[in-house]
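To start, the structure itself, in structure tokens.
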Amino acid sequence: METTLKLNKQDLGPAAHFLAKPQKLLINGEFVDAVSGKTFETTNPATGEKLADIPLGDEEDINKAVDAARKAFDEGPWPKMTPSERQRILYKIGDLIMENRDELAYLESLDNGKPYKIAKAADIPLTADLFHYMAGWSRTLEGSVVPVSDIAVPGAEFHAYTVREPVGVVGLITPWNYPLLIAAGWQMAGVLAAGNTIVLKPSEVTLLTILRFAELAREAGVPEGVINIVPGFGAGAGTTLTSHDQVDKIGFTGSVRTGRSILHTVADGNLKKVTLELGGKSPNIILADADLEQAIPGAAMGIFFNHGECCCAGSRLLVHKSVYDKVLDGLQREAEKIKLGPGQDDGTDMGPVVNQKQEDVVMGYINSGQDEGASLVIGGHKVGDQGHFIQPTIFADVNHDMKIVQEEIFGPVLTVQPFDSMEEVVKVANDTVYGLGAGIWTTNLGNAHHLAKAVRAGTIFVNCYNVFDAAMPFGGYRMSGWGRNRGKEAFEAFTETKAVYAKLN
Ligand code: NDP
């Protein structure tokens, strides 16, 4: 495992052309500066070097963007477009994302820190696939004909039916861990397919891919005002969007703390609808009958993929007593193999965490684990004096009340706990405030389905982890959120259902 790192000056690779241009907001189909003229820097988390100056959107820019989205919804062609026209445009966006895969993956790697090879293999094609998938849903804004009785109006005959309509202007607020995939793929694709218009406030920590996406969406033929993108801070741009009375729905992905604050704002305002994708503390369960050749690397990937900056990271490993020592030993060897480095290097398995704030959060949890008496099996240190590299870290001898077991760390930190019986593991698995994901490793079909039913989480991975598909819904039980992203559920969540009674006699 690395204890030192040698970093070269950043190489901008296929992202150089885009980074040489002045960055802009997208409002009403035009690339513009912030009204205030203010900018802020986005930096490379591996080296700390500046990547670009980004216009800092605030209240005035959000208001202009909402006006544009409102006009595009009320008067523009997008909601009225034929389903096949909308489908063609969304499909084209997916194609353009794939055509520009290298550039987008490189931008993502520079801005977020994740390995370029991972962004190229996962973030970018999954985003394109969501546009290709949701393009199909454009043609399914369907209702149904409903047989109704004459109890309310004796003797009357009705032709009664339901219609699905777009919800209107949607405000999207997104985090920094999968910047393009979450903002464009998980959120925008389904929202657009239903005929809504959008104002996006991405995380101010990682913006580059979504700004490049803005150019691709325009190239694909998205009409003016349908997609508006305003980088800015949560307090300012974010709160203006959530409190705006011309916004009909908020789609939010981020922390529980911000999700709760959005609900307060909405409750005090126009009661707009809200979908929330929040945090997690997902259990990953290895049963005595698991194939350990698969389960051990699978458990390591479950936490260390994307530096642990995954909302459904398998951060609590629960291992049957009979295989506990073997699993702990195997995990240690897996962690030792992980190569830390800048995301742009081919050999890098794990890049830096996203910024100084996140480094402080993760190191704070590592210190708290040690203070509370957990045993550090491996890792636990920051690496190098540049960037934000943290060793893959594993804690054993934890108890269920420790902060590192109960709270979301959002970094490369795993806790490992033994269990004795199925009853015990179900109880422990379900004993946090979250319910986003869970893993089950077993060769026994009955055990797999018993646990898949008993564990209360929005996604269950059996003999795999971190598998995502455009057609499968994703979201959380309990404090992990309200509603679902992706799949049919995400499309329907951004529609309203209208009931029509036509009296025939
Ligand atoms: P935050 O909640 O800090 O921020 C998310 C977004 O909300 C950012 O764009 C942020 O802006 C904005 N924001 C902050 N405060 C407000 C406010 N008062 N009103 C409106 N918007 C606001 O989350 P992170 O960006 O730190 O992301 C990490 C979190 O996201 C983790 O908890 C993770 O589990 C969760 N997540 C959940 C996923 C899921 O599908 N369930 C997927 C991915 C991540 P700014 O950047 O300026 O603070």
Side-chain angles (χ1 to χ4, degrees), residues 40 42 54 56-59 62 111-112 114 123 126 171-183 185-187 199-207 210 229-244 247 250-266 268-269 272 274-282 305-315 353-355 357-362 365 407-411 432-437 457-459 466 468 472-487 489-490:
F40 64 102
T42 188
I54 308 288
L56 177 63
D58 61 19
E59 191 175 339
I62 290 285
D111 206 10
N112 166 276
K114 66 179 68 196
D123 297 54
L126 286 171
L172 297 176
I173 300 180
T174 53
W176 42 259
N177 58 334
Y178 290 95
L180 184 71
L181 178 59
I182 291 180
W186 290 21
Q187 297 277 16
V199 177
L200 167 73
K201 191 217 83 68
S203 166
E204 101 282 349
V205 178
T206 51
L207 301 138
I210 200 70
I229 300 180
V230 184
F233 296 115
T239 46
T240 304
L241 189 57
T242 54
S243 59
H244 204 297
V247 174
I250 294 289
F252 171 74
T253 307
S255 64
V256 168
R257 182 182 43 78
T258 308
R260 184 176 274 131
S261 141
I262 289 173
L263 291 179
H264 284 299
T265 306
V266 166
D268 290 339
K272 54 178 72 67
V274 179
T275 295
L276 301 174
E277 292 278 350
L278 307 175
K281 191 71 187 174
S282 300
F305 185 72
N306 211 49
H307 347 122
E309 292 171 353
C310 280
C311 44
C312 64
S315 52
V353 299
V354 78
N355 59 14
K357 187 173 157 209
Q358 193 59 17
E359 179 190 316
D360 293 343
V361 168
V362 176
Y365 276 110
E407 296 179 15
E408 182 181 47
I409 299 175
F410 222 54
T432 72
V433 296
Y434 296 110
L436 195 55
T459 299
N466 283 334
F468 301 109
M472 287 288 269
F474 185 82
Y477 285 38
R478 299 192 293 247
M479 283 172 68
S480 289
W482 291 4
R484 295 291 180 269
N485 272 320
R486 307 202 312 255
E489 285 81 352

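Whatever order the structure lists ligands and atoms in, that order sets their numbers, starting from 1.
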Next on the checklist: Tell me if a side-chain donor or acceptor on Glu408 pairs with a main-chain N or O of Gly280 at a distance below 3.5 Å.
Outcome noted: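 Checked: pair present.
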Mind checking salt bridge (Lys or Arg N to Asp or Glu O under 4.0 Å) for [X] and listing every partner two or more places apart, or none if nothing turns up?
X	result
Glu359	Lys382
Lys114	Asp123
Asp111	none

request  = Give a yes-or-no answer on whether the side chains of Ser203 and Thr206 include a donor-acceptor pair shorter than 3.5 Å.
outcome  =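 Their side chains do not contain a donor-acceptor pair, so the 3.5 Å distance test is not met.
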(Q) Please tell me whether Thr253 and Gln187 have a donor and an acceptor in their side chains that are separated by less than 3.5 angstrom. (A)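 There is such a pair (donor and acceptor under 3.5 Å, judged by atom type) between the side chains of Thr253 and Gln187.
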(Q) So if I only count non-hydrogen atoms and take anything under 4.0 Å from ligand 1, which residues does that give, chain by chain? (A)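 The answer is Ile173, Thr174, Pro175, Trp176, Asn177, Ile182, Trp186, Lys201, Pro202, Ser203, Glu204, Gly232, Phe233, Gly234, Gly238, Thr239, Phe252, Thr253, Gly254, Ser255, Arg257, Thr258, Ser261, Glu277, Leu278, Gly279, Cys311, Glu408, Phe410, Leu436, Phe474, counting any residue whose heavy atom sits under 4.0 Å from ligand 1.
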